[in-house]
Undergrad: 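Submitted below is the structure of interest, expressed as structure tokens.
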Amino acid sequence: MALGKYSYSYMSTNEKIIVYQVFTRLFGNNNTHCRNNGTIQENGCGKMAAFTSKALDEIKALGATHIWYTGIIEHATQTNYSRYGIRPDHPAVVKGKAGSPYAIKDYYDVDPDMATSIPDRMKEFENMVKRSHKSGLKVIIDFVPNHVARQYHSDAKPEGVTDLGENDDTNFAFSPQNNFYYIPGQPLQGEIDYHLNAAEAYQECPAKATGNDKFDAWPGRNDWYETVKLNYGVDYMNGRYGHFSPIPDTWHKMLHILLFWASKGIDGFRCDMAEMVPVEFWGWAIPQVKEAYPELIFIAEVYNPYEYRNYIFNGHFDYLYDKVGLYDTLRALTCGNESATSITHRWQSLSGIEKNMLNFLENHDEQRIASEFFAGKASKAIPAMIISACMNTNPVMIYFGQELGEPGMDEEGFSGRDGRTTIFDYWCVDTIRRWRNGGKFDGKLLTDEEKKLQNFYKKLLNLCNSEKAIREGEFFDLTYANLEGCAFNEHKQYAFIRKTGKELLLIVVNFDENPAAPGINIPAHAFEYLNIPVKENYKAKELLTGNTETITLMPEQRTNVLLEGFGGKILKIKL
């Protein structure tokens, strides 16, 4: 059916994707006495071995269908692994003791931090993939295409592979066949301390352009100074003109890297800052990868709504981040800074690509819900999470510890006290450590509040696939029929219907801290469009609690519901 003014239908699918993102090196760390800016010897590091069959079964039991292992590919670090044949990195161009997982040092290797036996790190990764599959989880890893570590060097590249930059002509600021951009005749300078306690200063001449599109020799502290920009044939210095014929050398190299990791049995890539790479590359590369691995999914980190359709239809991405739309709106609502009517504008602005958007409330870039910088308490985001998970058939993601109310308020080192879980430091995530409890996952170290929140996430995420109406049903937004009504506060409450066959879900949430008793008007158009039989008394099962209540479903007659403060209900009615 064509997109209507107030309603729309979705493409059917056999599975709603539920992604559990986990920062791999933090998951298994049990050190309760981590030091600010501590080394790996002082603070410890989680290993891939911590993802035991038991751990993966527990993640699956939360409702996850996919696990995104963040930080798998080898990146620059201040830890010295030279005894294993890995070139050390200069500390001046590494952020934090552990280093950023988005400053890739070797595209063909697994980060040694996470291996129990460093020489066997690739085998350990392959075994983790197999364990994940055995537990019913599909595997996603990062692909970081826009930039690499300043001292990129592959020790593990397959025979016959030429390293990035190995054949570059550094006399040219730009050449379509170079892998990097250069500032000829100028050394890397700027406000960075290029000594940083090392015996000799870091030197780079000619300077390479920095990863956040800084095409001079002077990166600042707020730049991605630890990275260099990869050259996909776009001449940024002369009108951003693309030189794509013949195919740039970087395209061939990156396609080979994608196929290399796809051959390891993974099920998808989350592509970092995909919109900083020309869409023409994705349109060329993704179909070739999918020809060999048809079921592989590609998720793009794209923040520009004007580019959404370009990266879906021309770039061939399966899913894009819904950050500047739904995430920003739900965050503002949770913090009391926006009206719930904004939600309607968000889905309407997508105009048919809802199924291609990945919903989330946390990830490694964003502040934790429970942090002082966001909501201050994880349970305040329950209404937002119900919407994020149940509104569409598209994927939804949670970040490890979100389901436990992890506050992210540690001052770990380079990361600082910013409401985020560090991606730069060796550290222990307290809620995850207590949930794991030495691998027993028995809940004995969790507080009652943490258990309650975890139980909510477990019920909600499992409903996403057990309930066909959420997994593949139609959607009807009730906002337009509930404006300026004395019985429904459209700024604090939001209601919608999901329906498939003879099963209907009435989903209502309350963003107010106080309990509410909204009367929801379901218009005659909804009854006609969704083919809902009119009946004064329906038995409804509230799926989050299992309780039963009687409700009225009549055109232009209000359906009354009781809601807790920062609460919500998913009422299932069999028609």
Side-chain angles (χ1 to χ4, degrees), residues 19 21-27 45 68-79 89-114 125 140-154 164 179-180 192 208-214 219-232 250 253-254 257-258 261 266 268-277 281-282 298-303 321 323 358 360 362-367 397 399-400 412-416 418 420-427:
V19 180
Q21 183 194 1
V22 58
F23 201 75
T24 315
R25 73 162 172 251
L26 298 183
F27 181 79
C45 183
W68 167 14
Y69 291 110
T70 305
I72 289 295
I73 301 177
E74 185 185 331
H75 60 266
T77 179
Q78 293 189 38
T79 302
D89 301 290
H90 195 289
V93 286
V94 180
K95 289 181 176 177
K97 283 289 191 291
S100 168
Y102 296 101
I104 298 299
K105 177 181 177 176
D106 186 345
Y107 275 119
Y108 290 99
D109 210 350
V110 169
D111 196 79
D113 275 348
M114 300 176 297
F125 170 72
I140 297 169
I141 67 168
D142 291 284
F143 175 56
V144 187
N146 176 65
H147 50 268
V148 295
R150 294 214 89 96
Q151 293 180 289
Y152 182 89
H153 174 79
S154 178
L164 288 166
N179 299 135
F180 301 122
I192 311 304
K208 301 182 186 75
T210 299
N212 59 318
D213 289 0
K214 188 167 179 60
R221 288 221 155 267
N222 294 324
D223 290 308
W224 304 347
Y225 64 81
E226 81 283 19
T227 69
V228 291
K229 174 80 173 179
L230 281 170
N231 174 5
Y232 285 82
T250 302
K253 283 185 166 67
M254 301 312 274
I257 291 160
L258 284 166
W261 286 103
I266 68 167
F269 291 102
R270 177 269 186 187
C271 300
D272 184 70
M273 295 309 297
E275 67 181 327
M276 295 182 76
V277 172
F281 164 74
W282 299 113
F298 282 81
I299 301 170
E301 183 185 20
V302 174
Y303 297 124
Y321 270 34
K323 197 276 181 194
L358 172 73
F360 58 86
E362 285 190 2
N363 63 40
H364 66 279
D365 285 320
E366 308 300 338
Q367 290 166 327
M397 177 174 75
Y399 190 38
F400 81 132
E412 304 100 333
F414 187 89
S415 179
D418 59 359
R420 297 175 177 87
T421 294
T422 181
I423 65 170
F424 306 104
D425 305 286
Y426 296 111
W427 204 253

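This is a predicted model, so every value here is computed, not measured.
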Undergrad: Are a donor atom and an acceptor atom from the side chains of Q151 and H90 found within less than 3.5 Å of each other?
TA: no
Undergrad: Determine whether Q21 and F360 satisfy the following criterion, side-chain contact (heavy atoms from CB on, under 4.5 Å), listing intermediate values before the conclusion.
TA: CA-CA 10 Å; Q21 183 194 1; F360 58 86; over 6 Å; no
Undergrad: Could you name each residue pair satisfying salt bridge (Lys or Arg N to Asp or Glu O under 4.0 Å) that touches residues 143-152, not counting sequence neighbours?
TA: R150-E204
Undergrad: Using the rule given for side-chain contact (heavy atoms from CB on, under 4.5 Å), can you reason through R270 versus V19, listing the C-alpha separation, both sets of side-chain angles and the distance that settles it, and then say yes or no?
TA: CA-CA 11 Å; R270 177 269 186 187; V19 180; over 6 Å; no
Undergrad: Please identify each residue that fulfils side-chain contact (heavy atoms from CB on, under 4.5 Å) with I192, with sequence neighbours left out.
TA: Y194, R221, Y225
Undergrad: Please find out if less than 6.0 Å separates the ring center of Y399 from that of F23.
TA: no
Undergrad: Side chain to side chain donor-acceptor pair (under 3.5 Å) with E412: which residues, sequence neighbours excluded?
TA: none
Undergrad: Quick check against the 3.5 Å criterion: does N212 have a side-chain atom that pairs as donor or acceptor with the backbone of D223?
TA: no
Undergrad: Do you know the tightest heavy-atom contact between E226 and A103?
TA: CG-CB, 3.9 Å
Undergrad: Rounded to the nearest 0.5 Å, what's the gap from CD1 on I423 to CG on L26? Could you check?
TA: 10.0 Å
Undergrad: Is there a donor in the side chain of Y426 and an acceptor in the side chain of D113, or the other way round, less than 3.5 Å apart?
TA: yes
Undergrad: With sequence neighbours excluded, what pairs up with P112 under the side-chain contact (heavy atoms from CB on, under 4.5 Å) test?
TA: E74, Y81, I86, I118, R121
Undergrad: Hey, could you give me the OH/CG distance between Y321 and D365, rounded to the nearest 0.5 Å?
TA: 6.5 Å
Undergrad: Could you tell me which residues satisfy ring-ring contact (aromatic ring centres under 6.0 Å, His included) with F281, sequence neighbours excluded, listed by chain and number?
TA: Y232, W251
Undergrad: Of all residues at least two apart in sequence or in a different chain, which pass the ring-ring contact (aromatic ring centres under 6.0 Å, His included) check with F414?
TA: F424
Undergrad: What pairs with H147 under ring-ring contact (aromatic ring centres under 6.0 Å, His included), at least two apart in sequence or on another chain?
TA: W224
Undergrad: Without swapping roles, check the side chain of D272 against the backbone of N146 for a donor-acceptor pair under 3.5 Å.
TA: no
Undergrad: For Y69, what residues pass the ring-ring contact (aromatic ring centres under 6.0 Å, His included) criterion, not counting sequence neighbours?
TA: F51
Undergrad: Carefully, step by step, assess D142 and T70 under the rule side-chain contact (heavy atoms from CB on, under 4.5 Å).
TA: CA-CA 6 Å; D142 291 284; T70 305; 3.5 Å; yes
Undergrad: Aromatic contact between F143 and F298, with the criterion being ring centroids under 6.0 Å apart: yes or no?
TA: no
Undergrad: Tell me every residue that passes side chain to side chain donor-acceptor pair (under 3.5 Å) with E275, counting only those two or more places apart in sequence or in another chain.
TA: none
Undergrad: Answer yes when K97 and D425 have at least one side-chain N-carboxylate O distance shorter than 4.0 Å, and no when they do not.
TA: no
Undergrad: Who passes side-chain contact (heavy atoms from CB on, under 4.5 Å) against N231, sequence neighbours left out?
TA: F174, N178, Y181
Undergrad: How long is the gap from CH2 on W282 to SG on C271, to the nearest 0.5 Å?
TA: 4.0 Å
Undergrad: Any salt bridge linking K105 with D89? Criterion: basic side-chain nitrogen under 4.0 Å from a carboxylate oxygen.
TA: yes
Undergrad: Under the side chain to side chain donor-acceptor pair (under 3.5 Å) rule, collect the residues that match up with S154, sequence neighbours excluded.
TA: D106
Undergrad: Evaluate side-chain contact (heavy atoms from CB on, under 4.5 Å) for F269 paired with W261, printing each intermediate quantity in order.
TA: CA-CA 9 Å; F269 291 102; W261 286 103; 3.8 Å; yes
Undergrad: Do the side chains of I73 and V144 get nearer than 4.5 Å, heavy atoms only?
TA: no
Undergrad: Taking side chain to side chain donor-acceptor pair (under 3.5 Å) as the definition, give me every residue that meets it alongside E362, ordered by chain and number, with sequence neighbours left out.
TA: R368
